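Just below is one structure, and these are the notes that go with it.
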Amino acid sequence: MSSFSFLFLLLIVALYAGSVKLAALLYKRARLSWRDASIFSLILLLLLGAGMLLNRLSGDVIPDLVAVAASVVIQVGIGAWYLAARARTLDGKPVGSKGAAMLSLIAYGLLVPLVMVWAVMHSAMMH
């Protein structure tokens, strides 16, 4: 793997960790450490990357729209599991599974415009 690919993966983790931190701030001013946001981002990168790789290796058997919907469900599920005890309200109490699921859904929503811009730029550069 080239050093550019490695830096690109680090950028993806950093962007998602930042969006999770921003989502925590937007969601009832919850607190979440950079460490936990980064670990959550790495978990998602590994799981969703493995799923995408398996889909490509199997000949793209899962349509793109279904893959996007599945990735949202996976992100919300992993967020509800991982962030439930780690994200805290201002009182210091855990946000719980429901709050953590909302947190990860907000983080996903924050990245959608960025991903759309990247996709348009990437498509334009390929033609």
Side-chain angles (χ1 to χ4, degrees):
M1 174 169 24
S2 71
S3 59
F4 179 73
S5 298
F6 183 71
L7 289 174
F8 186 70
L9 289 175
L10 284 178
L11 178 65
I12 290 171
V13 170
L15 279 173
Y16 200 75
S19 93
V20 172
K21 286 281 290 181
L22 181 58
L25 180 69
L26 293 173
Y27 181 73
K28 299 183 181 179
R29 299 263 191 227
R31 292 178 300 188
L32 181 67
S33 71
W34 277 104
R35 177 184 164 271
D36 290 331
S38 297
I39 290 172
F40 175 63
S41 300
L42 282 170
I43 291 170
L44 287 178
L45 178 71
L46 292 173
L47 284 174
L48 296 175
M52 189 170 71
L53 177 65
L54 288 173
N55 189 38
R56 298 281 183 240
L57 290 175
S58 64
D60 289 328
V61 294
I62 300 172
D64 290 339
L65 191 57
V66 174
V68 169
S71 73
V72 172
V73 170
I74 290 168
Q75 289 182 48
V76 170
I78 297 294
W81 164 73
Y82 184 76
L83 298 174
R86 291 166 178 84
R88 305 250 174 216
T89 63
L90 288 176
D91 315 2
K93 298 175 188 170
V95 294
S97 295
K98 186 177 178 182
M102 282 301 297
L103 238 163
S104 59
L105 191 60
I106 293 168
Y108 181 82
L110 290 171
L111 284 181
V112 168
L114 185 65
V115 170
M116 291 174 99
V117 167
W118 178 81
V120 168
M121 289 175 56
H122 184 266
S123 176
M125 290 192 314
M126 292 308 230
H127 288 93

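What you see is a predicted model; the values in this text were computed from it and never measured.
- The cluster map of Ile, Leu, Val, Met, Phe, Trp and Tyr, joined by side-chain heavy atoms under 4.5 Å apart, puts W81 and V20 in the same cluster.
- For L65, the CG atom is loosely surrounded, since the number of other residues' heavy atoms within 6.0 Å does not exceed 12.
- Side-chain contact between W118 and L114: absent, with no pair of heavy atoms (C-beta onward) separated by less than 4.5 Å.
- Within the 4.5 Å cutoff, the side chain of L83 has no heavy atoms near those of the V95 side chain.
- A distance-only check finds a donor-acceptor pair linking the side chain of S41 to the backbone of A37 [under 3.5 Å].
- The closest side-chain heavy-atom distance from L48 to M52 is not below 4.5 Å.
- In plain terms, the two heavy atoms of Q75 and F40 that are nearest each other are O-CZ, 4.0 Å.
- In this structure, S104 OG and Y16 OH are separated by 6.0 Å, a value rounded to the nearest 0.5 Å.
- What you find for A100 and G79 is that their closest heavy atoms are CB-O, 3.3 Å.
- At least one donor-acceptor pair under 3.5 Å links the side chain of R31 to the backbone N or O of T89.
- Atom-to-atom distance recorded for I12:CD1 and L44:CG is 12.0 Å, nearest 0.5 angstrom.
- Note on L9: it does not cluster hydrophobically with L15, by side-chain heavy-atom contacts below 4.5 Å among ILVMFWY residues.
- In plain terms, the two heavy atoms of A87 and L103 that are nearest each other are CB-CD1, 3.6 Å.
- The hydrophobic cluster containing W34 does not contain Y82, counting ILVMFWY residues as joined when their side-chain heavy atoms lie under 4.5 angstrom apart, directly or transitively.
- If you chain together hydrophobic residues whose side chains sit under 4.5 Å apart, L111 and V13 never meet in one group.
- When side chains are defined from C-beta on, I43 counts as touching I39, because their heavy atoms get closer than 4.5 Å.
- Summarising the geometry of V76 relative to A101, their closest heavy-atom pair is CG1-CB, 3.7 Å, with the distance given to 0.1 Å.
- M116 is listed as a side-chain neighbour of V112, based on a closest heavy-atom distance under 4.5 Å.
- Across every non-hydrogen atom of Y108 and S71, the tightest pair is OH-OG, 4.4 Å.
- To the nearest 0.5 Å, atoms CG (L110) and CG (L105) are separated by 10.0 Å.
- Closest of all the heavy-atom pairs between V61 and N55 is N-OD1, 3.2 Å.
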